[in-house]
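All heavy atoms count here, side chains included; hydrogens, waters and symmetry mates do not.
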Amino acid sequence: MTWLDFPLFSMSIIGLWIIGFIFLGISYKKEQFIKWSFAFFSIGWFVLIYFIKDLWIELDRPPMRTLGETRLWYATFLPLVGFLTYFRWKFKWFLAYSMGMAGMFLVINYLNPETYSKTLMPALQSPWFIPHVLVYLFSYAVLAASSFVAIKGFIGIRKQKFDIATIQLADNLVYIGFAFLTLGLLFGALWAKEAWGHYWTWDPKEVWAFLTWMGYLIYIHYRYFHPQKNKQALTILALAFVVLIVCWFGVNYLPVAQASVHTYTQT
């Protein structure tokens, strides 16, 4: 399995998910069709996991080095977040969002093919590489989902139809995402110590990672001390996601990125 097979796999997965969306829409009138929706969503998801597994074997390294490869994992984790959230809170709209975003990342990879190196530079040949990246990407998927909930919350406030369950869902997603984000920071510090001899160097990527962590910590504290100020809390949550986007890939386009030891996609 190589990246040359990705167009066929991605279109097959998206086709299955489109059928899942059709059944999901029908399930709003006939609840029994939700099972068919889950079936097609799940089959597409397992096909994606199968592709990543075989790609891993073919590359002889974890496919986590480039931005395109991280988008694959994002497309894998978002459905998982959607499934678990639906099982817990029964929000069909959130399941639709998760699958839609996962499909969008597959389309982005389809439209932007890249050349992927088969080897890893020495700094990436570390036992901390896989846990650090996987934990971070899962946290990004969960926190991105919480930001969509924030948008829904803003719409509800504007239409004066705000549902308290919306921000409660955002809270739970942030708690989960923040926990994994913290683990990612810790794993990254241990990796940095092994690779460069220092736990923290205030590298541009590290600075933005810290700012992302602080953004969601501020949200958690604000919600604790001001539980009735929903609009302000949702604003903080939306801004925290902007910082996350900059940390994930936006920092690569900043002038300071030239001095970063965390820029691997061009080497």
Trainee: Please report the shortest heavy-atom distance between Glu69 and Met64, naming the atom on each side.
Mentor: OE1-N, 3.2 Å
Trainee: Is there a path from Leu4 to Ile57 through hydrophobic residues (I, L, V, M, F, W, Y) whose side chains come within less than 4.5 Å of each other?
Mentor: no
Trainee: Got a second to check how far Ser139's OG is from Tyr216's OH, nearest 0.5 Å?
Mentor: 9.0 Å
Trainee: Got Leu173 and Leu169 here, is their nearest side-chain heavy-atom distance under 4.5 Å?
Mentor: yes
Trainee: Do Trp17 and Pro79 have side chains that get closer than 4.5 Å, going by heavy atoms?
Mentor: yes
Trainee: Give the intermediate values and the outcome of side-chain hydrogen bond (donor to acceptor under 3.5 Å, both in side chains) for residues Thr2 and Glu58.
Mentor: CA-CA 7 Å; Thr2 69; Glu58 174 63 26; over 6 Å; no
Trainee: Taking the six-membered ring for Trp, are the ring centroids of Phe46 and Tyr50 within less than 6.0 Å of each other?
Mentor: no
Trainee: Heavy-atom count around Lys53 NZ within 6.0 Å, excluding the residue itself: above 12?
Mentor: yes
Trainee: Evaluate the side-chain contact (heavy atoms from CB on, under 4.5 Å) criterion for residues Leu16 and Trp45: first the C-alpha distance (whole Å), next the side-chain angles of each, then the deciding distance (0.1 Å), finally the verdict.
Mentor: CA-CA 9 Å; Leu16 289 166; Trp45 187 53; over 6 Å; no
Trainee: Take Ile151 and Ile155 through the test side-chain contact (heavy atoms from CB on, under 4.5 Å) and record every step on the way to the result.
Mentor: CA-CA 6 Å; Ile151 295 174; Ile155 295 173; 4.2 Å; yes
Trainee: Tell me whether the NZ or CZ atom of Lys92 lies within the 45° cone about the ring axis of Tyr86 and under 6.0 Å from its centre.
Mentor: no
Trainee: Do Trp89 and Phe94 have their ring centres less than 6.0 Å from each other?
Mentor: no
Trainee: Taking everything shown except Lys30 itself, do over 12 heavy atoms lie less than 6.0 Å from its NZ?
Mentor: no
Trainee: Side chains of Thr201 and Trp196, heavy atoms from C-beta outward: is any pair under 4.5 Å?
Mentor: no
Trainee: Using the ring pair (Phe, Tyr, Trp, His ring centres under 6.0 Å) rule, take Tyr219 and Phe178 through it: C-alpha gap first, then chi angles, then the decisive distance, then the call.
Mentor: CA-CA 10 Å; Tyr219 171 83; Phe178 183 77; over 10 Å; no
Trainee: Might you confirm whether atom NE2 of His221 has over 12 heavy atoms from other residues, nucleotides or ligands at distances under 6.0 Å?
Mentor: no
Trainee: Please examine the side chains of Leu95 and Leu24, heavy atoms only from C-beta on, and report whether any two atoms are closer than 4.5 Å.
Mentor: yes
Trainee: Testing the basics here: between Cys247 and Thr212, what is the closest heavy-atom pair and its distance to 0.1 Å?
Mentor: CB-OG1, 3.4 Å
Trainee: Only one of Phe241, Trp73, Tyr74 clears ring-ring contact (aromatic ring centres under 6.0 Å, His included) with Trp248; which?
Mentor: Tyr74
Trainee: With a 4.5 Å cut-off on side-chain heavy atoms, are Val207 and Val251 touching?
Mentor: no
Trainee: Going from CG on Asp5 to CG on Leu55, what distance comes out if it is rounded to the nearest 0.5 angstrom?
Mentor: 9.5 Å
Trainee: Indicate, with yes or no, if Val135 and Leu67 share a hydrophobic cluster defined by side-chain heavy-atom contacts under 4.5 Å among Ile, Leu, Val, Met, Phe, Trp and Tyr.
Mentor: yes
Trainee: What are the two closest non-hydrogen atoms of Ala141 and Phe77, and how far apart are they?
Mentor: CB-CB, 3.8 Å
Trainee: Taking the six-membered ring for Trp and the full ring for Phe, Tyr or His, determine whether the centres of Trp191 and Phe129 are under 6.0 Å apart.
Mentor: yes
Trainee: Can you tell me how far apart CZ (Phe41) and CD1 (Ile43) are? Round to the nearest 0.5 Å.
Mentor: 11.5 Å
Trainee: Using the side-chain contact (heavy atoms from CB on, under 4.5 Å) rule, take Asn109 and Trp3 through it: C-alpha gap first, then chi angles, then the decisive distance, then the call.
Mentor: CA-CA 10 Å; Asn109 267 8; Trp3 277 103; 4.0 Å; yes
Trainee: Taking side-chain contact (heavy atoms from CB on, under 4.5 Å) as the criterion, tell me which of Ile176, Leu78, Asn172 meets it with Val142.
Mentor: Ile176
Trainee: Passes side-chain contact (heavy atoms from CB on, under 4.5 Å), Leu244 versus Leu181? Steps please.
Mentor: CA-CA 11 Å; Leu244 185 152; Leu181 195 67; 5.5 Å; no
Trainee: Please determine whether residues Leu8 and Leu48 belong to a single hydrophobic cluster, defined as Ile, Leu, Val, Met, Phe, Trp and Tyr linked transitively by side-chain heavy-atom distances below 4.5 Å.
Mentor: no
Trainee: Measure across Pro62 and Ile130 and return the closest heavy-atom pair with its distance rounded to 0.1 Å.
Mentor: CG-CG1, 3.9 Å
Trainee: Could you check whether the rings of Trp213 and Phe210 sit parallel, tilted or perpendicular, using 30° and 60° as the cut-offs?
Mentor: parallel
Trainee: So do the side chains of Ile167 and Leu237 get within less than 4.5 Å of each other, counting heavy atoms only?
Mentor: no
Trainee: Given side chains that start at C-beta, do those of Phe51 and Leu72 come closer than 4.5 Å, heavy atoms only?
Mentor: yes
Trainee: Would you please indicate if the ring centroids of Tyr28 and Phe23 are separated by under 6.0 Å?
Mentor: no
Trainee: Closest approach of Ala240 and Gly215, non-hydrogen atoms and distance?
Mentor: CB-C, 4.0 Å
Trainee: Would Val107 and Ile13 show up in the same hydrophobic cluster when neighbours are defined by side-chain heavy atoms closer than 4.5 Å?
Mentor: yes
Trainee: Which distance, rounded to the nearest 0.5 Å, do you find between the OG1 of Thr235 and the NZ of Lys229?
Mentor: 12.5 Å
Trainee: Spell out, as yes or no, whether a donor-acceptor pair under 3.5 Å connects the side chain of Thr166 to the backbone of Asp163.
Mentor: yes
Trainee: Roughly how far, to the nearest 0.5 Å, is the CG atom of Leu80 from the CZ atom of Phe138?
Mentor: 5.5 Å
Trainee: Looking only at heavy atoms, which two atoms of Gly184 and His132 are closest? And how far apart?
Mentor: O-ND1, 2.9 Å
Trainee: With rounding to the nearest 0.5 Å, note down the distance linking CG in Asn230 to CD in Gln168.
Mentor: 9.5 Å
Trainee: Using the rule that Ile, Leu, Val, Met, Phe, Trp and Tyr join whenever any side-chain heavy atoms are under 4.5 Å apart, tell me whether Tyr224 and Val174 fall into a single cluster.
Mentor: no
Trainee: May I ask you to decide if Phe33's main-chain N or O and Ser37's side chain share a donor-acceptor pair within less than 3.5 Å?
Mentor: no
Trainee: Using a cut-off of 6.0 Å, state whether more than 12 heavy atoms not belonging to Trp56 lie near its atom CH2.
Mentor: yes
Trainee: Assess the pair Phe6 and Tyr110: is the distance between their ring centroids shorter than 6.0 Å?
Mentor: no
Trainee: Are Phe83 and Met99 packed together at the side-chain level, in the sense that at least one heavy-atom pair is separated by less than 4.5 angstrom?
Mentor: yes
Trainee: I'd like to know if the side chain of His198 reaches the main chain of Lys193, judged simply by a donor and an acceptor atom lying under 3.5 Å from each other, with no hydrogens or angles considered.
Mentor: no
Trainee: Answer with yes or no after comparing the ring centroid distance for Tyr97 and Phe148 against a 6.0 Å cut-off, counting only values under it.
Mentor: yes
